[in-house]
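Residue numbers count from 1 along this sequence.
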Amino acid sequence: MEHTWITSTPYDDVFRTLLNDCSPLIIPIINELFGEHYSGQEKIIFSPNEHFLNQQDGNEEERITDTNFKIQGKETKKYHLECQSSTDHSLLVRFFEYDTQIALDEGEITGNVLTVTLPHSAILYLRHRTSTPDTLKIRMITPGGTVEYEIQVMKSQQYTLEEIFEKNLLLLIPFYIFSHEARFEEYESDTSKLQSLQAEYEQIKTKLEELSNQGRISEYIRCTIIDMSNKVLEHIAMKYQTVREGVKAVMGGKVLEYEAKTIKREGIKEGIEQGIKQGIEQGIEQGIEQGIAGTISILKNMGIPPQTILAKIQEQYHLSSEASKKYL
């Protein structure tokens, strides 16, 4: 089978940024897609997104998934999520390749039996048609019988602002502009219609501020959502200057470049300094352990993403990747 692979888009980049830097946003999406009841206190463990697939000529070809991770609750489950902005007929083939490779990465051989566990997979469609299915299916016909599994589908344009905030699906906010894409020309030429769009974004901004003030999301997550919304807007409304400027007038400019990155940078600096101080006060022997624990605790309370915390304690305390993981 021959197929053409679609390269990464700005929307894929936004999706990966939200999932990796704002991991608390993942749980509500998983609950919605798979009918789970995670509380949000579960541990999320990200796996490498790069996979090398063996080709018939003996070479390896790299594939990059949008994201795959485990959630540790009462039981541990693997998940694989992809974001799609347009129709791609190779989608099912890619899912099958990714899912089987993810399963093989942690396959277990006991005696003469290889056991592989495929992840729970889902696709987020940023655009959809009436013909877009609610689920996708992969069917495998094996010598031992037929096996099939479903890939869940989420269509971002089906969710109203009220539903997004009611269900806490904040990860969808940067893509909310897709629901207005068909009316860009109207907004560009009709000020009153543009004002109605601005009113919706004023509502988004206000609700995000409320959530941040209530401590339900960190300031870093609030700023990142706004910045990623602007990034999507820049791309999708590239030909509509009035639309871009109108929404940005409400949401703000390059928030992440200044405000959120400053929050993150200063938070990391403060966390490390306080952690080291705690360590010194405890004495050299147990000081390092206490210092690391203190650093992690402070950074977590500031809403710094787990992956960033790991990287920083590795750098500051000269720890290997494996040695640092025990602290999280």
Side-chain angles (χ1 to χ4, degrees), residues 1-6 8 12 15-16 18-20 23 25-38 42-56 59-85 87-126 128 132-156 171 306-307 325:
M1 179 185 297
E2 294 185 1
H3 34 256
T4 300
W5 301 100
I6 293 178
S8 178
D12 297 323
F15 186 64
R16 279 193 289 266
L18 291 167
L19 290 171
N20 287 281
S23 56
L25 303 184
I26 294 175
I27 294 295
I29 295 291
I30 294 299
N31 286 343
E32 178 74 3
L33 276 165
F34 298 98
E36 298 284 5
H37 297 89
Y38 292 123
E42 294 78 12
K43 187 174 183 179
I44 300 174
I45 304 170
F46 287 93
S47 302
N49 286 352
E50 298 82 7
H51 298 281
F52 292 89
L53 309 177
N54 294 321
Q55 306 298 304
Q56 290 181 349
N59 294 322
E60 289 185 333
E61 186 171 352
E62 184 179 18
R63 293 279 189 269
I64 300 178
T65 63
D66 278 352
T67 192
N68 69 94
F69 52 88
K70 296 177 184 175
I71 296 181
Q72 287 184 342
K74 293 181 180 178
E75 59 180 311
T76 299
K77 292 185 179 181
K78 291 192 288 189
Y79 295 94
H80 167 209
L81 302 184
E82 296 283 331
C83 178
Q84 194 74 22
S85 61
T87 302
D88 177 5
H89 296 298
S90 68
L91 180 66
L92 279 169
V93 178
R94 287 191 289 121
F95 258 103
F96 179 69
E97 286 194 347
Y98 295 157
D99 287 351
T100 52
Q101 192 60 52
I102 290 168
L104 279 172
D105 286 345
E106 296 186 359
E108 296 182 356
I109 298 178
T110 304
N112 61 346
V113 177
L114 167 65
T115 301
V116 293
T117 304
L118 271 69
H120 298 267
S121 294
I123 179 77
L124 170 63
Y125 279 115
L126 304 182
H128 70 274
T132 303
D134 293 327
T135 59
L136 303 173
K137 186 175 291 186
I138 290 178
R139 178 179 295 124
M140 295 171 282
I141 300 174
T142 77
T146 300
V147 178
E148 61 183 34
Y149 68 97
E150 290 186 342
I151 297 167
Q152 300 303 315
V153 171
M154 174 177 277
K155 303 170 185 175
S156 66
L171 187 142
Q307 296 296 100
K325 286 180 180 178

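To the nearest 0.5 Å, atoms CG (Asp99) and CD1 (Ile151) are separated by 6.0 Å. To the nearest 0.5 Å, atoms CG (Leu171) and CG (Leu124) are separated by 7.5 Å. Atom NE2 of His80 and atom CG of Leu118 lie 11.0 Å apart (nearest 0.5 Å). Atom CD1 of Ile71 sits about 10.0 Å away from atom CD1 of Ile45, to the nearest 0.5 Å. For the atom pair CG of Leu114 and CD1 of Ile109, the computed distance is 5.5 Å after rounding to the nearest 0.5 Å. For the atom pair OG1 (Thr117) and CD (Glu106), the distance works out to 8.5 Å, reported to the nearest 0.5 Å.
Crowding of Glu108 atom CD: a count of heavy atoms from other residues, nucleotides or ligands under 6.0 Å not exceeding 12.
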Subject >> Check against ring pair (Phe, Tyr, Trp, His ring centres under 6.0 Å), His120 and Tyr149 >> reply: CA-CA 9 Å; His120 298 267; Tyr149 68 97; 9.5 Å; no

Subject >> side chain to side chain contact (heavy atoms under 4.5 Å, CB included) assessment of Tyr98 paired with Asn68 >> reply: CA-CA 10 Å; Tyr98 295 157; Asn68 69 94; over 6 Å; no

**OP:** Take Asp134 and Lys155 through the test side chain to side chain contact (heavy atoms under 4.5 Å, CB included) and record every step on the way to the result.
**Re:** CA-CA 8 Å; Asp134 293 327; Lys155 303 170 185 175; 2.8 Å; yes

**OP:** List the steps, then state whether side chain to side chain contact (heavy atoms under 4.5 Å, CB included) holds for Glu148 with Ile138.
**Re:** CA-CA 5 Å; Glu148 61 183 34; Ile138 290 178; over 6 Å; no

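Considering all non-hydrogen atoms of both residues, Val116 and Gly107 come closest at CG1-CA, 4.1 Å. Ala122 and Phe95 get closest at one heavy-atom pair: O-CZ, 3.4 Å. Residues Pro133 and Val153 share a closest heavy-atom pair of O-CG1, 3.6 Å. Closest of all the heavy-atom pairs between Leu19 and Phe46 is O-CZ, 3.1 Å.
Between the side chain of Ser23 and the backbone N or O of Asn20, no donor-acceptor pair lies under 3.5 Å. Between the side chain of Thr110 and the backbone N or O of Val113, no donor-acceptor pair lies under 3.5 Å.
Side-chain contact check for Asn31 and His37: no donor-acceptor pair (N or O, by modelled atom type) lies under 3.5 Å.
Two residues are said to be in side-chain contact when any heavy atoms from C-beta on lie closer than 4.5 Å; Gln152 and Ile123 fail this criterion. Within the 4.5 Å cutoff, the side chain of Leu92 has heavy atoms near those of the Leu136 side chain. Using a 4.5 Å heavy-atom threshold, the side chains of Gln84 and Leu91 count as touching. Contact annotation: the side chain of Ile30 approaches that of Phe69 to within less than 4.5 Å [non-hydrogen atoms, C-beta and beyond]. Looking at Gln101 and Leu104, their side chains come closer than 4.5 Å, going by heavy atoms from C-beta outward.
Ionic pairing of Glu75 and Lys70 is not present here: no N-O contact between side-chain nitrogen and carboxylate oxygen is shorter than 4.0 angstrom.
Tested against Lys77 for a side chain to side chain donor-acceptor pair (under 3.5 Å), the candidates Glu42, Gln72, Glu36 yield a single pass: Glu36.
Using the six-membered ring where Trp is involved, Tyr79 and Phe34 have ring planes that are tilted, between 30° and 60° apart.
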